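Take this structure, written in structure tokens, and hold onto it; I'll ask about it next.
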Amino acid sequence: MSSNIEVQRICKHCGNEFLARTTTTLYCSKKCNSAAYKAKQRDDKVEKSNRDTLRIKTKPIEELQVKEFLTVKDVSTLLNCSVRTAYYYINSGKIKAVNLAQRITRVKRSEIDKLFEQPQTENNDEPRQFAISDCYSLKEVQNKYGISESALQNLLKRNNIPKIKHGWFAYVPKTLIDKLLQ
């Protein structure tokens with residue numbers, strides 16, 4: 001399609017002004033056209049590589065979300081924490097786990113989901129809060145009711161009584177302890 005028109009254009013690659021013979025010409029020369037093509041190809045390859053890398057990084061998490069029973073390492077990957085922290089959550093009772101053998105600990109996937117659910121009270125949809133002034137320290141409970149530390153810890157765990165940590169001390173709600181031990 002030959003024409004005798006001359007259109008003033010600006011090159012999309014180098015930004016120089018040039019005279020184009022067609023209305024669709026984008027580049028001032030073959031050199032700029034080739035350089036723009038190579039830059040586009042390079043950008044496409046980088047984008048594809050980034051997509052592949054992201055897919056590879058998210059693949060293990062997608063696989064873990066489908067598994068019903070998880071190892072401690074899987075739990076740490078899902079929670080984005082260290083394996084030691086995952087063991088801490090298991091030992092403190094925040095995550096329930098089953099110890100099948102000396103070195104085989106498994107966690108049910110639903111236990112991880114329960115971590116992120118908000119605790120509900122009987123009457124309203126807010127989590128129950130206790131003020132420190134309405135609580136006993138663990139030593140006070142031991143002295144008042146003549147109970148050993150291990151027995152108290154077992155009672156707290158068995159009856160799901162919350163411990164409120166404040167500084168170096170742990171406190172338990174007076175109302176729940178009095179109801180349980182009287």
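This is a predicted model, so every value here is computed, not measured.
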request  = Report yes or no: do F69 and V107 belong to one cluster of Ile/Leu/Val/Met/Phe/Trp/Tyr joined by side chain heavy-atom distances under 4.5 Å?
outcome  = no

Audit row: R109, K67, side chain to side chain contact (heavy atoms under 4.5 Å, CB included) steps and yes/no = CA-CA 7 Å; R109 177 73 175 92; K67 288 171 95 176; over 6 Å; no

Closest non-hydrogen atoms of C135 and I164, given as atom of the first, atom of the second and distance, are SG-CD1, 3.7 Å

Note: with side-chain heavy atoms under 4.5 Å as the link, the other cluster members for Y37 come out as none

T85 meets the side-chain contact (heavy atoms from CB on, under 4.5 Å) criterion, sequence neighbours left out, with C81, S82, Y89

Assess whether atom CG of N80 is packed by more than 12 heavy atoms of other residues, nucleotides or ligands within 6.0 Å. no

Residues passing the side-chain contact (heavy atoms from CB on, under 4.5 Å) test with T71, sequence neighbours excluded, are K73, D74, R106

Heavy atoms of P162 and P173 approach each other most closely as O-CD, 3.4 Å

Distance col, row I10:CD1 vs N16:CG, nearest 0.5 angstrom, shows 9.5 Å

* Asked: Please walk me through it: do R51 and E47 pass side chain to side chain contact (heavy atoms under 4.5 Å, CB included)?
  -> CA-CA 6 Å; R51 278 195 315 263; E47 179 63 32; 3.3 Å; yes

CG (L79) and CG (L70) are apart, to the nearest 0.5 Å, by 9.5 Å

Joining Ile, Leu, Val, Met, Phe, Trp and Tyr whenever any side-chain heavy atoms lie under 4.5 Å apart, the cluster holding I104 also takes in V98, L100

Should T25 and F18 count as side-chain neighbours, where that means a heavy-atom distance under 4.5 Å?
yes

Validation row: Q182, Y145 side chains within 4.5 angstrom (heavy atoms): yes

For residues 79-102, the salt bridge (Lys or Arg N to Asp or Glu O under 4.0 Å) pairs (sequence neighbours left out) are none

Sequence neighbours excluded, the answer for side-chain contact (heavy atoms from CB on, under 4.5 Å) partners of V83 is V72, S76, Y87

Tightest non-hydrogen contact, residues L176 and F130, listed as CD1-CZ, 4.0 Å

d(C28 SG, E17 CD) to nearest 0.5 Å is 11.5 Å

Please list every donor-acceptor pair under 3.5 Å in which a side-chain atom of residues 151-160 meets a protein atom from a residue at least two apart or in another chain.
{"residue": "Q153", "atom": "OE1", "partner": "K163", "partner atom": "NZ", "Å": "3.0"}
{"residue": "N154", "atom": "ND2", "partner": "S150", "partner atom": "O", "Å": "3.3"}
{"residue": "N159", "atom": "ND2", "partner": "L155", "partner atom": "O", "Å": "3.0"}

According to a hydrophobic-cluster definition based on side-chain heavy atoms being under 4.5 Å apart (Ile, Leu, Val, Met, Phe, Trp, Tyr only), do V7 and L26 belong together?
no

Contacts satisfying side-chain hydrogen bond (donor to acceptor under 3.5 Å, both in side chains) that involve residues 131-141 (not counting sequence neighbours) are Y136-K144, Y136-D178

Review point. Any Lys/Arg nitrogen of K108 or E111 sitting under 4.0 Å from an Asp/Glu carboxylate oxygen of the other?
Key: no

One should read off an interatomic distance between I177 CD1 and I161 CD1, to the nearest 0.5 angstrom, of 4.0 Å

### Query
Given side chains that start at C-beta, do those of Q8 and L19 come closer than 4.5 Å, heavy atoms only?
yes

Connected to I56, directly or through other members, by ILVMFWY side-chain contacts below 4.5 Å are none

CD1 of I95 to CD1 of I90, rounded to nearest 0.5 Å, is 5.5 Å

Salt bridge (Lys or Arg N to Asp or Glu O under 4.0 Å) filter on K57, not counting sequence neighbours, yields none

Scanning both residues in full, the closest heavy-atom pair of R9 with T22 reads NH1-O, 4.2 Å

Across all chains, not counting sequence neighbours, the side-chain contact (heavy atoms from CB on, under 4.5 Å) partners of A39 are R42

The salt bridge (Lys or Arg N to Asp or Glu O under 4.0 Å) partners of K48 (sequence neighbours excluded) come to D52

The reported gap from SG in C32 to OH in Y27 (rounded to nearest 0.5 angstrom) is 9.0 Å

